[in-house]
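Here is the structure we will look at, set down as structure tokens.
Throughout, a chain's letter reflects where its sequence line sits, starting with A, and its residues are numbered from 1. Atoms considered below: every heavy atom in the structure, side chains included; atoms not considered: hydrogens, waters and symmetry mates.
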Amino acid sequence: MSTNPIKDALAALSRNAEHVEAAALGGTLAHDALPRQALAALQQAIALRAAGDDAWRLHPRLREYLQDILQNFGAYPSPTGIGEKITTLRALRDEALQAFADRDHESVAALLQQIAVTVWDIADQTERNLKFLGSMMSIKYGAVQTLRAKLGQNRWYQRQAGILGQDLARLLKVAQDVEQDADTRGWEVARLVRRTVLDRLHLWQVRLSGVSDQLLHEMYRLREVEVNLKNLARVDTFLTQNPAWPGLDMEIPAQYPVALEHAALPKLRPHADPLDDDRTVRHELEQLARSLPAATQLRRRDVIAPLTPRTDVGEPPQPDPYLLALRSFGLAAARAQHPLSVLGWASTAPEASVLRPPAATAVRPSVWLMFTICALDGRSHSLGGRPVRFAVDPVRNLPAPGERLPHTFRDALVRVAG
Amino acid sequence: MSRLEFALRQLAEGQFVDAVRFAEAHEALSTSEGRETASKWLEAIGYRLCQLEDGGAFFMAYGHLDQDARTKVKEEMRQLRGRLLPAVSFMETLRQAQGSSAHLQPGDLLPLGQLMEAVRADASLEQRLQDLRDIPGAKSADSAPDRLSHILAWLEREGYLVEQNASHKVFQVTGKITYLYQLLQFMAENVPQLAEEGVSDQLEQLTIDTPAGPAGAAQ
């Protein structure tokens, strides 16, 4: 046997590695599961502690060391609890007080030493736990792939953070009691408890609160991921099954995402200022002007020669005297209160002088009578821009001897019809 | 041109100014002075500055929904299919592939080569891409990888992706992807058929990405 106890212990652990692993993962080892040689070697290496009447557990520090190694692997690495150590601290305080009351100073010294070690362990373990949780947050836990597993992992770490929070609250009470009792009796351990635990407790709680907030945020994020993926799958199926669906034809609802109000302006098109005297701008403008196409030569409009009146035309034709007389008669008949006699007008009206001798245009009264009747009877004429229709009533002669009806007439009376 | 000036121009053009595609502009808008300047500038022309959740992309929104703005919003709602289909098809194809990030988030990297390999290696994925319709720029005779390229080009033009490595064809997801998720949620709430339980979700195999970066790479 070697004289080096550390080497012997490590050799024993190595030879019985599978039992050590089982104890590290499972918590306890059944007495019957351990071969007698392995049990003896591990007891020799002080690697085992009794756990009840028929089981063994690993030395706490050995278990913690192996947990540290395990934390880099697996899906649910967990922080090592400090609850047991807090219970141990309280028990050691009680023992120390009892030994002090019994004036057993040797025991008091030994117990105070154990209290100090326990306080360091608690502080050290709390730091490691907080660092561990922080690193888990930074790598989003890692080592799982499915969304369900991520959600489960999040809940797991929320529980771990909750347990650590409860332990810190308990630690505050116990550490305050230990510090007070030790201070009353003038024990140095009081200062250690103050410096190592009480002065740092608030900061630990703040850090733990930060981790909890991160966990809550992550939980919210994972829920959002779950909703997003569900929406994605459903919308994809819907769009595939409804190829003719163009979009939503509806009024804007009361609740809608602000992203719907996303807007865009037409592209900005700045223009150069022609009056800008900046050298760079002028250079650009000059280049732009030079690049314009050549000016188009416009065709001059032909000069229109001024109009000159023709002098080679003859006298304008004179209006027909009979048409002039007819027009005058029509106007007179339109103005007359009673039907106007054709021959009576022709023999007396000044406008009818062209019809009577000695005018060169004189005609026989019967010719004028027939002309007027043919021109006016039942016809519409425009007099002063107004259409006028005339009615002509012949003035009949008496019937010839032997006849009952008149066949001749001697004059006509003209009136406006209607 | 200052970063803020550049940011204002992008906002006016309708871009989503995020930390991936417009890192410096996003940083300029993230300060209180930048936000105040941008808000005043936009309010002077009848618009306002908005931001997607969790410090996401900034964008320009209507100052208030007058009749003209309501008409435009309703028109965009009527054309929702065209705005969503290529992106939804692509993201759902990715989710089914499970070979890459199933839930795209701003900053995620998408190497085109790996996507193409995944498509070629999976006949059902290839068939799914082949069956997709209304892919902008794609022809019916295009192969599945060609269709994938058209989809990625569309996503890049629309601002959902930005090419980070031209030689290796690596794309990065921009912050505008959050806007897409909001549109999907809006559809889910307002299309009656999407609320039916009969729609198959196939959520059992949902995967999420390992984080990009050394920690993710180590896994």
When you compare the side chain of F238(A) with that of M187(B), does any pair of heavy atoms fall below 4.5 Å? yes

Given V258(A) and R48(B), is the side chain to side chain contact (heavy atoms under 4.5 Å, CB included) satisfied, shown in steps? CA-CA 11 Å; V258(A) 70; R48(B) 71 183 203 273; 3.2 Å; yes

If I compare all heavy atoms of L248(A) with all of N190(B), which pair ends up nearest, and what's the gap? CD2-O, 3.9 Å

Proximal component of P266(A), with respect to chain B [non-hydrogen, under 4.5 Å]: neither

Do the side chains of H262(A) and F16(B) get nearer than 4.5 Å, heavy atoms only? yes

Backbone of W245(A) reached by a side-chain donor or acceptor of R81(B) within 3.5 Å: yes

For chain A, which residues of residues 58-65 of chain B have at least one non-hydrogen atom nearer than 4.5 Å to it? F59(B), M60(B), A61(B), Y62(B), L65(B)

In this structure, OG1 of T237(A) is separated from CG of L194(B) (nearest 0.5 Å) by 9.0 Å

Can you tell which part of Q182(B) gets under 4.5 Å to a heavy atom of chain A, answering side chain, backbone, both or neither? both

At what distance, to the nearest 0.5 angstrom, does CZ of F90(B) lie from CG of D236(A)? 13.0 Å

Taking atom CD of E75(B) and atom CG of D249(A), what is their separation to the nearest 0.5 Å? 9.0 Å

Would you give me the side-chain donor-acceptor pairs under 3.5 Å for residues 5-13 of chain B, sequence neighbours excluded?
none

Tell me, yes or no, whether the heavy-atom count around I6(A) atom CD1, taken from other residues, nucleotides or ligands under 6.0 Å, exceeds 12. no

Side chain to side chain, Y47(B) and L265(A), heavy atoms closer than 4.5 Å: yes

Looking at G247(A), P257(A), P246(A), which one has more heavy-atom pairs under 4.5 Å with chain B than the rest? P246(A)

Close side-chain approach of I252(A) to M77(B), heavy-atom, < 4.5 Å: yes

Looking at Q287(A), I'd like to know if its CD atom is crowded, meaning that more than 12 non-hydrogen atoms belonging to other residues, nucleotides or ligands lie closer than 6.0 Å. yes

At their closest point, which heavy atom of A188(B) faces which heavy atom of N231(A), and how far apart are they? CB-OD1, 3.4 Å

Let me see the working for V191(B) and V235(A) under side chain to side chain contact (heavy atoms under 4.5 Å, CB included), right down to the final yes or no. CA-CA 10 Å; V191(B) 176; V235(A) 169; over 6 Å; no

Qualifying residues under side chain to side chain contact (heavy atoms under 4.5 Å, CB included), relative to D121(A), sequence neighbours excluded: R61(A), K85(A), V117(A)

Charged N to carboxylate O below 4.0 Å: is that the case for E251(A) and R70(B)? no

Heavy-atom pair with the smallest gap, counting every atom of G14(B) and A264(A): CA-CB, 3.6 Å

Taking only heavy atoms into account, what residues of residues 278-286 of chain A are found under 4.5 Å from chain B? none

Go through the steps for D54(B) and R221(A) under the test side chain to side chain contact (heavy atoms under 4.5 Å, CB included), then give the verdict. CA-CA 10 Å; D54(B) 285 340; R221(A) 189 190 77 85; over 6 Å; no

Check whether L180(B) gets within reach of chain A through its side chain, its backbone, both or neither, counting any heavy atom under 4.5 Å. neither

Report the distance from atom CG of N228(A) to atom CE of M91(B), rounding to the nearest 0.5 Å. 7.5 Å

Honestly, the part of R83(B) sitting under 4.5 Å from a heavy atom of chain A is neither

Rounded to the nearest 0.5 Å, the CE atom of M250(A) sits from the CZ atom of R78(B) at a distance of 11.5 Å

Derivation and outcome, side chain to side chain contact (heavy atoms under 4.5 Å, CB included), residues Q185(B) and K230(A): CA-CA 10 Å; Q185(B) 177 65 22; K230(A) 190 184 290 189; over 6 Å; no

